[in-house]
Amino acid sequence: MIIVMKPAAPQASIQHVVSMVREAGLETHLSEGKEVTIIGVVGDKSRLQDTNLELAPDVEKIVPITESYKLSNKKFHPDPSTIQVGNTEIGPNTLTIMAGPCAIESEKQLLSIAHAVKAAGANFLRGGAYKPRTSPYSFQGLEEEGLLYMKHAKEETGLSTICEVISRESLACAIKYVDMIQIGARNMQNFQLLREVGKAGVPVMLKRGLSATIEEWLNAAEYIISEGNPHVVLCERGIRTYETSTRNTLDISAVPVLKSKTHLPVIVDPSHASGVWEYVAPLSRCAVAVGADGLMIEVHNNPECALSDGAQSLTFAHFSQLTQELKAYAQLAGRNF
Ligand code: PEP
Ligand code: MN
């Protein structure tokens, strides 16, 4: 439930309500607007059965919440969140462009891609050091060596960096080298890993599971936030459907649906959604038009020879053409880019 306080309610009244809730053994989450303070109640509400919260001074109303996710729920936190990653912001005022190879293959490869995507206007370098591949015989990533190259690329270009982690060990290693952690589709419901990322407190991008509903996805975000880490960004990367002409089906409606249900920023990944480089540009334009806060795009110096996901990777020329085109879309959407 949430407790809406009357406009300009004094601190003493707010603290009184907070104490009543805490005394019943529940947690509170305060959202302080210019006029109105909203107190979110987290935990088993039956413990409040004998407490008449609506009678407390300056309480306007009590609104029950049926969704099981609370901290990611827009009702608790009506304004969209901005997530700060180093000197980069992900949120309603900007268009964040994350770009880079599916997998980090060598230092030379990563640095050349980093310089190219930076020149084209990207703010984040992506690159996989731990690759959760469908086949155990496919390239699995350079692990810590790849993370070190990410650090060098950041030092050379000033780009923020993001890398996927797949285990507690890879998380402990990655946070020494990169600015933001990615939880991939295959681990969206790896609840232990989500809790670990929550405890680590680092900014995290949580991709949607291959067949996850939006409700399941928001509950996965809740695992991270409930451990004390509010720096969560969601990434729609396509879902499994019966259609075979694309690798997955980009659920573009997920963007407005999420915007109505959560305050967390939303990124769209048209590369994994489509699996085909030619579809990446139209889907990117569509994502910006529908309200996405950013894009994650795979870019490779030589897609034909990529060790992973070459078919969906943009060349430097195509990526640069796309970012040029996106300027007008960003402007229409009222976002700085
Ligand atoms: C990736 O971003 O490289 C990746 C593996 O994506 P997903 O988890 O969405 O499949
Ligand atoms: Mn990939």
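Order of listing sets the numbers, starting from 1, for every ligand and every atom in it. Scope of the values below: all heavy atoms of this structure, side chains included, with no hydrogens, waters or symmetry mates.
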Which residues pass the side chain to side chain donor-acceptor pair (under 3.5 Å) test with Y279, sequence neighbours left out? none
If you define the side chain from C-beta out and look only at heavy atoms, does anything of [X] sit under 4.5 Å from [Y]?
X: S68; Y: E215; answer: yes
X: V290; Y: P256; answer: yes
X: N229; Y: E227; answer: no
X: K131; Y: C102; answer: yes

By number and element, which atoms of ligand 1 are closer than 4.0 Å to a non-hydrogen atom of E298?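 Selected atoms, number and element: 3 (O).
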Should you measure from each heavy atom of G184, which atoms of ligand 1 turn up under 4.0 Å away?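 Matching atoms, with element in brackets: 8 (O).
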Please write down residue, atom name and distance for the protein heavy atom closest to [atom].
atom: atom 4 (C) of ligand 1; result: H272 NE2, 3.5 Å
atom: atom 6 (O) of ligand 1; result: K207 NZ, 2.9 Å
atom: atom 8 (O) of ligand 1; result: A185 N, 2.8 Å

Side-chain heavy atoms under 4.5 Å apart, restricted to Ile/Leu/Val/Met/Phe/Trp/Tyr: what other residues fall into the cluster of V85, or is it alone?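 Its cluster mates, by chain and number, are I83, I90, M98, F124, I162, M180, M205, V233, I267, M296.
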Which protein N, O or S atoms lie under 2.8 Å from the Mn ion (ligand 2)? C102 SG, H272 NE2, E298 OE2, D309 OD2
Let me know which of N190, L194, V232 forms a side-chain contact (heavy atoms from CB on, under 4.5 Å) with I183.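 Output: one option passes, namely L194.
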I would like to know whether K151 and K154 meet side-chain contact (heavy atoms from CB on, under 4.5 Å); could you show each step before the answer? CA-CA 5 Å; K151 186 164 175 270; K154 180 189 168 71; 5.7 Å; no
Could you list all the salt bridge (Lys or Arg N to Asp or Glu O under 4.0 Å) pairs where at least one residue sits in residues 250-274, not counting sequence neighbours?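 Checked against salt bridge (Lys or Arg N to Asp or Glu O under 4.0 Å) - neighbours excluded - the pairs reaching residues 250-274 are K207-D269, R208-D251, K259-D293.
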Taking distance alone, with N or O pairs closer than 3.5 Å, would you say D269 contacts ligand 1? no
On a heavy-atom basis, I'd like to know which of R237, M296, R126, E164 is closest to atom 2 (O) of ligand 1.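 Residue with the shortest heavy-atom distance to the ligand atom: R126.
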